[in-house]
Amino acid sequence: MNSMSQSAPLAVGRRRPSWLRLPGRLIPGRSLVASVPTLWLGLFFLIPFAVVLKISLAETAIAVPPYTSLFEWDGAVAALSLNLGNYQFLFEDSLYLDAYLNSIKVAAISTLITLIIAFPMAYVIARATPGRRVVLLSLVILPFWTSFLLRVYAWMGFLKKNGVVNDVLLSLGLIDQPLTMLQTDFAVYIGIIYTYLPFMILPLYSALEKLDDSLLEAAEDLGCRPLQRFWLVVVPLSLPGIVAGSLLVFIPAVGEFVIPALLGSSDTLMIGRVLWDEFFLNRDWPMASAVATMMLLFLVVPIMLLRNGQGRKEEAA
Amino acid sequence: MTLKKTLMGAVLGSLVATGAHAQEPVLNIYNWSDYISPEAVSQFEKETGIRVNYDVYDSNEVLEAKLMSGRSGYDLVVPSAFFLERQIQAGIYAEVDRDQLSNYGNLDAQLLQTVSRNDPNNVHGVPYTWGTTGIGYNVDMVRERVGDMPIDSWDLIFKPELAAKVADCGLAVLDSPAEVVALALNYLGLDPNSESKADLDQAEALLASVQPHIKYFHSSQYISDLANGEICVALGYNGDVLQAQDRAASAGQGISVGYSIPREGSLAWFDLMAIPADAPHPEAAHKFINFVLQPEVAAGISNFVYYAVANTEAQPLLNEDVRSNPGVYPSEEVKAKLFAQNAHTAKFDRLLTRAWTRVKTGR
C-alpha cells in the first residue's frame, strides 16, 4: 500500500485534487488485477489455439506426432512450408458445411427450448421467499455433483428399448410396442436441454432477481394486462440474462460431442463428431485442426462482435 | 461410437490412479475391452507384487491415436497385426527382448509365421489371441423375421431386403471402417485389401444401401445389447458375440445368441502384445507377457473371453465348450476362406474414413 491508495477513499464523493487524478492505466494495482484474466486467456486459450492453428497448416505423416513440422532447417537454409490444402478441402467437401449447419440447427433449437423451459423456472425462483430461493437454487445446481457422463448414461437407461420410460408406458397400457427413443435426434435434444438447463436458469435468475416489483405495479396501474406486462416489462429487463444464458447454452451445444455420440444415431451429423472422426479414425490431426479453427471463426468471432456492439450500446446509453 | 468405453476406462483409470504410491512397481496396460479374465490380472499382481493399471479401448483407431501422440504412459498395448504394421513404421514400438520371455516357445509356430507378414521376424509383437469377424444373432428374433433359412451368409447384413427384415429388432455394425469395408469388398467379390478408389466406391454404395436398416455403429456396445435383446443382429467379433451368448444363457431370460462365419469368407485378425518405445516400465511389461504365455494362464483367458489362443501348450487345458466351438476354432474348411488385412496408406485412409462418414450419416 502506498500513500496514494490510502488517500483515495477520501476522494470518494467529491472531486479529487488535480494532482491525484491519474489516468486509469497508471493507477497501481489495476493493471495487476487486469493481468490475471489476460494471463489466463493467453495461457489457456491463445497459446493452445496457436498450436491448433500451427497443426492445421501441416500435413499428415506416419510419425509421432502424426504431422509434419512447418519449419525445416538443414543447417544452412530455413524453410517454412504452410499447407493450406486442409482449408481448401473444407470447402470442397460438403460434409463439413453440412455438419456445421446441422450443429447450428441442433444448438439453436435446443437453446430455444431450453429458454422456454428455463424462463418460468428462473422466474419462480426469483419470486420465491429468500429461504425457498436457496433450496430451489441448490436443486438447480445439485446435478453438477454427479459426473456429466454418468448423467448421460442414466438417460440411456431411461430411453432404451427396455428402459424405464418404455417400461412405465407399457405397464400403464399407453403403448403396446416399446418406443424407439435412444439413438434418435429426440434423445440428443433431451440430452442437450437437460445438460445445459442450469446454464440458462442461473443467468436468467440473476437478471430476474434484480427486477423491481414497483415497475410491474406501475405497468399494471398504467393498464397493462399480465401478458403485455410480461412482454413489455419483464422480457426487456431480463434481456441481458436471456442473451447470456442463450450464449452459454448455444456455444457449447454447437461443439457438443458426447451427447450425440451416446444418445444420437449415426446420422446425427454434428461438427464435434466430424472432429472426433478426423482425429481418431483418420488420424488426420491437421484436418481436425482446420475444422476446429474454422468452427472458431464461424461461431466465436460473430458472437464476440455482437457482444462488443452490445457493450458499446450499453455504454452509450 | 468408440467413446463410451474409452471414457469409462478413463474414469476407472483415474480412480485407480489416485490410490497409487510412487515407489510401488507399476504396470500400465492398455487392452481391448472384455479381453482378459479378471483372475489373470490379480494373479499376476499377487505373484510379482507389481500393481497393474488396466485401461481399455474398443478400436484400433483409438489406440493408434493415443500412441501417435507420444508419451502415452502405457507399458503394454495390444494392437491388431495390420495396425501394428503401420505403427512399427512410425517407430513407436520397442523390440521385444526374447531373453526375458522363457515361455516364448509355447507359441504356435504357424501363427507366428502368419503374423510375420505384418511384423517381420516377429520382433515387435507377441501374439495374444486371434479371432474372426462374423455375424452374431438372436436365434429366435431372427428366425421370426427371416424364416428357417440358415444364417451362413453376409446376405443377412449386406442385402437390403434381408437387412430390412431385421431392422426393427436392431442391427448393429462395428464402427471400424477398415474392417467393415474389407468385408463389403469381399462380399462384392473384390480384393478386401484393395486400395482402388473404384472398388471403395462400390463398397460404399453397398454399405449405403443397407445403412437405413442399421441401428448403430459401435464396436463394443453390441455385447450387452445382444445378450439382453436390445438388438438382434450384429456384425462383430467372434469372442464378443460368444461372451454375449454366455451372458444371455446365465441371465436365463430365454435369449439364445448364435455366431456365424459366413460362407463368403471373413476376416481373421491377430492381436499382438507390444511395448511402446517410451514405456516407463518395459521390464514389468516383459514379465506380464511371459506370464500370459504360461499355458494355464493363456487357457484361463481363452476360456473367459472366447478368443482362440496362440499358445500350443494351452490347447489341452481349454474348456470343452471353447476347444470344440467352431466359433472359436473354425474347421479347416472355414479357415481356408478367412483372410487377413494389410496396413493402409495414409492417403487411402482418408478416402476410407470419408466414405465411412458418408455411409454412417446417410449422405
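Hydrogens, waters and symmetry mates play no part in the numbers below; they use all other heavy atoms, side chains included. All of these numbers come straight from a predicted model, not from anything done at the bench. Labels below follow one simple rule: chain letters A, B, ... track the order of the sequence lines, proteins then strands, and each chain is numbered from 1.
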> So which residue, B:R86, B:Q89, B:K215, B:R71, ends up with the most heavy-atom pairs under 4.5 Å with chain A?
B:R86
> Say you draw a straight line from CE of B:M68 to OG1 of A:T60; how long is it, rounded to the nearest 0.5 Å?
10.5 Å
> Test your reading of the model: is there a side-chain donor-acceptor pair from A:Q183 to the backbone of B:Y216, 3.5 Å cut-off?
no
> At what distance, to the nearest 0.5 angstrom, does CG of A:L95 lie from OG1 of B:T361?
6.5 Å
> Does any heavy atom of chain A fall under 4.5 Å from the side chain of B:L352, the backbone, both, or neither of them?
neither
> Listed by chain and number, what are the salt bridge (charged side-chain N to carboxylate O under 4.0 Å, His left out) partners of B:K347, not counting sequence neighbours?
none
> Hey, is CZ on A:F186 packed in by over 12 heavy atoms from elsewhere, all under 6.0 Å?
no
> Between chain A and each of B:G362, B:G70, B:S69, count heavy-atom pairs under 4.5 Å; write down the option with the most.
B:S69
> For residues B:V62 and A:F280, report the shortest heavy-atom separation together with the two atoms involved.
CA-CD2, 3.9 Å
> So does A:Q177 have more than 12 non-hydrogen atoms from other groups sitting under 6.0 Å from CD?
no
> Between B:Q211 and chain A, with a heavy-atom cut-off of 4.5 Å, which part of the residue counts as in contact: side chain, backbone, both or neither?
side chain
> Name the member of B:G229, B:G91, B:A65 that forms the most heavy-atom pairs with chain A at distances under 4.5 Å.
B:A65
> Please name the pair of heavy atoms, one in B:C169 and one in A:K161, separated by the smallest distance, quoted to 0.1 Å.
O-NZ, 3.8 Å
> Sort A:F89 into side chain, backbone, both or neither according to what part of it lies under 4.5 angstrom from a heavy atom of chain B.
side chain
> If you look at every heavy atom in A:D277 and B:T353, which pair is closest and at what distance?
O-CG2, 4.3 Å
> Kindly indicate, with the supporting measurements, whether the criterion salt bridge (Lys or Arg N to Asp or Glu O under 4.0 Å) is fulfilled by A:E278 and B:R354.
CA-CA 9 Å; A:E278 289 293 352; B:R354 191 85 40 211; 3.1 Å; yes
> Check each atom of A:N162 against the heavy atoms of chain B and say whether the ones under 4.5 Å are side chain, backbone, both or neither.
both
> CZ of A:F158: more than 12 outside heavy atoms within 6.0 angstrom?
no
> What I want to find out is whether B:E61 reaches A:R283 closely enough, with some N-O distance under 4.0 Å, to be called a salt bridge.
no
> To the nearest 0.5 Å, how far apart are NZ in A:K160 and CG in B:D225?
7.5 Å
